[in-house]
Amino acid sequence: MTKEELKNALLKKENKFATAYIVVANTYMNMSFELLTHKLNLLNAIVNKELFRYFKKYPEKRIQFAYNHQRVIGNTHSHLILKVPDEYYQSHTELLKIRDLMWFRWWQLDERQEKKFRLWFQKVDDDQTSKFFNVNYAVRETKKDTVQNTELTFGIL
């Protein structure tokens, strides 16, 4: 899957990705992409198990993460776009329960004495342009002329 195919899949309304939310999982450490993928996979399993115990048997009730790992000096992090089933949206709180659950469980996955893992979770404007720019930013290409973001990888958990 190319980055362009991933962008198109994320923006299709019928795929139900929550493109109105910016989610970034920061580690504030230099770690391999394999370890970051493993930690995000654990986070995904923990969140799904706490929300719906039988998520493996009913994949349509499972929350998925489309991720794009990036490395900057001192912070390997991942931009996430969530695929959330309709029953988890609540009119007055939207995704606050999922946000709080993800934030706390991500923080717990940090094995250091002084925990530094942080999850950034923010809603963008409701217009289509903001959602497009959010997806575009989340799966952006490496900028060749800058020192930052020299490595990246992407996929769906």
Side-chain angles (χ1 to χ4, degrees), residues 1-28 31-71 75-111 117-142 149 151-157:
M1 174 182 280
T2 66
K3 283 208 178 236
E4 203 59 41
E5 290 171 340
L6 179 62
K7 279 185 211 178
N8 292 336
L10 293 174
L11 287 168
K12 277 188 182 175
K13 203 168 194 88
E14 62 267 12
N15 289 342
K16 297 187 180 181
F17 279 95
T19 56
Y21 292 90
I22 299 169
V23 183
V24 182
N26 292 297
T27 64
Y28 297 108
M31 69 167 46
S32 68
F33 286 159
E34 293 80 24
L35 181 58
L36 181 56
T37 303
H38 175 71
K39 296 247 184 216
L40 286 173
N41 203 7
L42 280 173
L43 176 67
N44 185 275
I46 291 168
V47 167
N48 277 302
K49 187 166 184 169
E50 287 197 25
L51 291 172
F52 183 69
R53 194 168 122 182
Y54 303 108
F55 72 95
K56 288 184 181 178
K57 192 172 186 177
Y58 299 96
E60 68 277 0
K61 295 189 177 209
R62 181 173 182 256
I63 293 175
Q64 291 182 298
F65 300 163
Y67 65 87
N68 182 25
H69 299 331
Q70 296 178 353
R71 182 169 301 155
N75 185 17
T76 303
H77 62 283
S78 189
H79 295 266
L80 305 171
I81 303 277
L82 306 179
K83 183 175 183 178
V84 182
D86 291 335
E87 64 250 25
Y88 295 123
Y89 284 98
Q90 297 173 353
S91 60
H92 60 289
T93 61
E94 300 235 348
L95 299 179
L96 290 180
K97 180 179 180 180
I98 294 171
R99 180 203 65 190
D100 294 343
L101 181 60
M102 284 178 64
W103 189 94
F104 184 66
R105 295 303 180 195
W106 181 243
W107 180 78
Q108 283 185 323
L109 286 173
D110 193 352
E111 298 166 353
F117 280 12
R118 294 291 180 265
L119 192 80
W120 177 267
F121 200 108
Q122 182 179 1
K123 188 170 176 27
V124 298
D125 296 334
D126 283 334
D127 61 32
Q128 282 303 114
T129 317
S130 296
K131 293 176 183 180
F132 172 76
F133 283 122
N134 179 31
V135 170
N136 203 33
Y137 182 77
V139 295
R140 70 186 181 277
E141 295 286 341
T142 304
N149 300 327
E151 298 179 53
L152 50 86
T153 186
F154 61 94
I156 297 179
L157 295 174

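With a 4.5 Å cut-off on side-chain heavy atoms, Tyr21 and Val84 do not count as touching. Side-chain contact between Leu51 and Lys97: present, with at least one pair of heavy atoms (C-beta onward) separated by less than 4.5 Å. The side-chain heavy atoms of Ile81 and Val23, taken from C-beta on, include no pair separated by under 4.5 Å. Glu34 places none of its side-chain heavy atoms less than 4.5 Å from the side chain of Thr37. Counting only heavy atoms from C-beta outward, the side chains of Lys61 and Tyr54 never approach each other to under 4.5 Å. A 4.5 Å side-chain heavy-atom check between Phe65 and Leu82 finds at least one atom pair inside the cut-off. Contact check for Met102 versus Leu80: side-chain heavy atoms found under the 4.5 Å cut-off. Between Arg62 and Asn44 there is a side-chain heavy-atom pair separated by less than 4.5 Å.
Taken from CG in Asn26 to NE2 in His77, the straight-line distance is 6.5 Å, to the nearest 0.5 Å. With rounding to the nearest 0.5 Å, the separation of CG in Leu101 from CG in Leu96 is 12.5 Å.
Between the Asn75 side chain and the Thr27 main chain, a donor and an acceptor come within less than 3.5 Å of each other. Looking only at distances, a side-chain donor or acceptor of Arg71 sits under 3.5 Å from a matching main-chain atom of Met31.
Every salt bridge (Lys or Arg N to Asp or Glu O under 4.0 Å) that Glu111 has, sequence neighbours left out, goes to Lys39. Checked against salt bridge (Lys or Arg N to Asp or Glu O under 4.0 Å), Arg105 has the following partners two or more places apart in sequence or in another chain: Glu50. Every residue two or more places apart in sequence or in another chain was checked for a side chain to side chain donor-acceptor pair (under 3.5 Å) with Asp100, and none qualifies. Legend: residues meeting side chain to side chain contact (heavy atoms under 4.5 Å, CB included) with Glu60, ordered by chain and number and at least two apart, are Tyr58. Residues satisfying the ring pair (Phe, Tyr, Trp, His ring centres under 6.0 Å) criterion with Phe55, sequence neighbours excluded, are absent altogether. Residues meeting the side chain to side chain donor-acceptor pair (under 3.5 Å) test with Trp107, sequence neighbours left out: none.
Nearest heavy-atom pair across Trp106 and Leu119 is CD1-N, 4.0 Å. Taking every heavy atom of both residues into account, Phe117 and Asp110 meet most closely at N-OD2, 3.1 Å. Across every non-hydrogen atom of Asn48 and Ile63, the tightest pair is OD1-N, 2.7 Å.
Using cut-offs of 30° and 60° on the angle between ring planes, the pair His69 and Tyr67 is parallel.
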